[in-house]
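Scope of the values below: all heavy atoms of this structure, side chains included, with no hydrogens, waters or symmetry mates. All values derive from a computational prediction rather than experimental measurement. Here is how names work: the chains are called A, B, and so on, in the same order as the sequence lines, proteins then strands, and each is numbered from 1.
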Protein chains: 2
Amino acid sequence: MKKTPKISEAEWEVMKVLWSKSPATANEVVKVLSKKTSWKRETIRTLINRLVQKKAVGFEKKGRRYHYFPLVTEAECVKAETKSFLKRVHGGSIEPMLTSFVEEEKLSDEKIARLKRILDEAEAGDEDKK
Amino acid sequence: MKKTPKISEAEWEVMKVLWSKSPATANEVVKVLSKKTSWKRETIRTLINRLVQKKAVGFEKKGRRYHYFPLVTEAECVKAETKSFLKRVHGGSIEPMLTSFVEEEKLSDEKIARLKRILDEAEAGDEDKK
DNA sequence: TCCGTACTATTACATTCGTAACATTACTAA
DNA sequence: TTAGTAATGTTACGAATGTAATAGTACGGA
């Protein structure tokens with residue numbers, strides 16, 4: 001897997017928009033993000049440009065507009081970030097994190113059920129391999 | 001709970017050393033980190049100083065040396081980081097992260113069992129409150 | 001008592017990030 | 001065709017970060 005470029009906190013917001021809908025024009029991104037943040041048009045445009053430089057986002061010129069789209073998948077980025085995060089904060093182990101998360105945010109029962117199902121499947125997968 | 005100062009990636013390494021053993025002199029920290037990283041003495045000292053400025057680390061003058069110790073607990077910082085991480089990467093939801101983690105790293109059965117136990121307890125806690 | 005050495009303190013500097021202003025180009029409507 | 005507007009491009013600038021060099025200071029040994 002190619003390594004994903006390092007995406008900063010603010011840039012993630014832009015990526016999230018593009019992952020949820022792409023291609024999108026700069027304006028569309030601006031519109032979405034203006035709802036969540038107080039960033040100026042220009043700020044958002046800067047972020048988009050940086051992502052283009054980093055090759056995290058590609059574009060296509062459509063007439064005079066640019067249509068942007070992600071060049072890296074969300075899954076890739078999540079994976080990379082998760083890994084680096086866990087390494088940094090927990091020495092690579094997921095348990096303390098789950099613990100701390102569980103402690104902090106009260107999880108609803110359904111959520112817990114879903115998490116368990118995820119784990120069940122992982123277990124099943126292991127069985128398979130064995 | 002007081003909010004923890006923002007600790008950068010490199011600074012985390014220093015904090016981890018202090019969490020595992022404190023108080024410690026600058027030199028002790030340097031010694032430990034020299035094994036893991038290729039940072040120069042001075043670099044590490046800079047990091048320590050920044051942590052002191054940020055009030056993440058305190059110190060006590062012991063004669064000629066300074067003895068440093070954490071002013072924030074590991075748990076606090078982990079919590080804060082986990083929160084900001086999840087917000088950033090997953091829009092605040094833990095599920096995709098757990099999924100991606102489970103997919104990437106093959107978890108051992110015991111690990112899965114332990115994670116499930118964590119979830120069971122969370123559930124029990126909820127029951128309590130209800 | 002004076003020097004070297006070990007510490008501590010001050011300063012540096014290129015990048016990245018967050019945040020944006022200003023400039024320019026090209027379409028649209030009058 | 002011309003001016004206004006919308007879109008893109010260029011430049012800015014301070015704070016934080018990673019990475020360190022250099023300068024100052026005090027202690028312990030000659």
Please report how far the helix from C:dT1-D:dA30 to C:dA30-D:dT1 bends, comparing the axis fitted to its first five pairs with the axis fitted to its last five, to the nearest 10 degrees. 20°
Pairs: protein N or O with nucleotides 7-13 of chain C N or O, under 3.5 Å:
from	atom 1	to	atom 2	distance (Å)
C:dC7	OP2	B:Asn27	ND2	2.7
C:dC7	O5'	B:Asn27	ND2	3.4
C:dC7	O2	B:Arg64	NH2	3.4
C:dT8	OP1	B:Tyr66	N	2.9
C:dT8	OP2	B:Arg45	NH1	3.3
C:dA9	OP1	B:Tyr66	OH	2.8

For A:Glu42, give me all partners under salt bridge (Lys or Arg N to Asp or Glu O under 4.0 Å), at least two apart in sequence or on another chain. none
Chain B contact limits on DNA chain D, taken 5' to 3' with a cut-off of 4.0 angstrom to heavy atoms: D:dT17 to D:dC27
Using salt bridge (Lys or Arg N to Asp or Glu O under 4.0 Å) as the criterion, list what pairs up with A:Lys21, not counting sequence neighbours. A:Glu28
Just grab all the ring-ring contact (aromatic ring centres under 6.0 Å, His included) pairs involving residues 33-55 of chain A, residues at least two apart or on different chains. none
Rounded to the nearest angstrom, tell me the gap between atom CD in A:Gln53 and atom P in C:dC17. 11 Å
Any donor and acceptor pair, going by atom type alone, linking the side chain of A:Ser20 with main-chain N or O of A:Val17 inside 3.5 Å? yes
Atom pair distance, as rounded to whole Å: CG in A:Leu47 and P in C:dG18: 7 Å
With A:Arg65 via side chain to side chain donor-acceptor pair (under 3.5 Å) - residues at least two apart: none
Only counting residues at least two apart or in another chain, list the ones meeting salt bridge (Lys or Arg N to Asp or Glu O under 4.0 Å) with B:Arg114. A:Glu95
Can you pull out every ring-ring contact (aromatic ring centres under 6.0 Å, His included) where at least one residue sits in residues 7-37 of chain B? Sequence neighbours excluded, please. B:Trp12-B:Trp19
Whole-Å distance between C:dT15 C1' and A:Lys54 NZ? 11 Å
Could you list the residues that satisfy side chain to side chain donor-acceptor pair (under 3.5 Å) with A:Lys61, not counting sequence neighbours? A:Tyr66
Using the test side chain to side chain contact (heavy atoms under 4.5 Å, CB included), find all partners of B:Ser84 that sit at least two apart in sequence or belong to another chain. none
Under 4.0 Å, heavy atoms only, any strand: does A:Thr43 hit a base, just the sugar-phosphate, or nothing? base
Throw together a table of side-chain donor-acceptor distances under 3.5 angstrom for residues 47-54 of chain B, partners on residues two or more places apart or in other chains.
from	atom 1	to	atom 2	distance (Å)
B:Asn49	ND2	B:Arg45	O	3.4
B:Lys54	NZ	B:Lys6	O	2.8
B:Lys54	NZ	B:Glu11	OE1	2.6
B:Lys54	NZ	B:Glu11	OE2	3.1

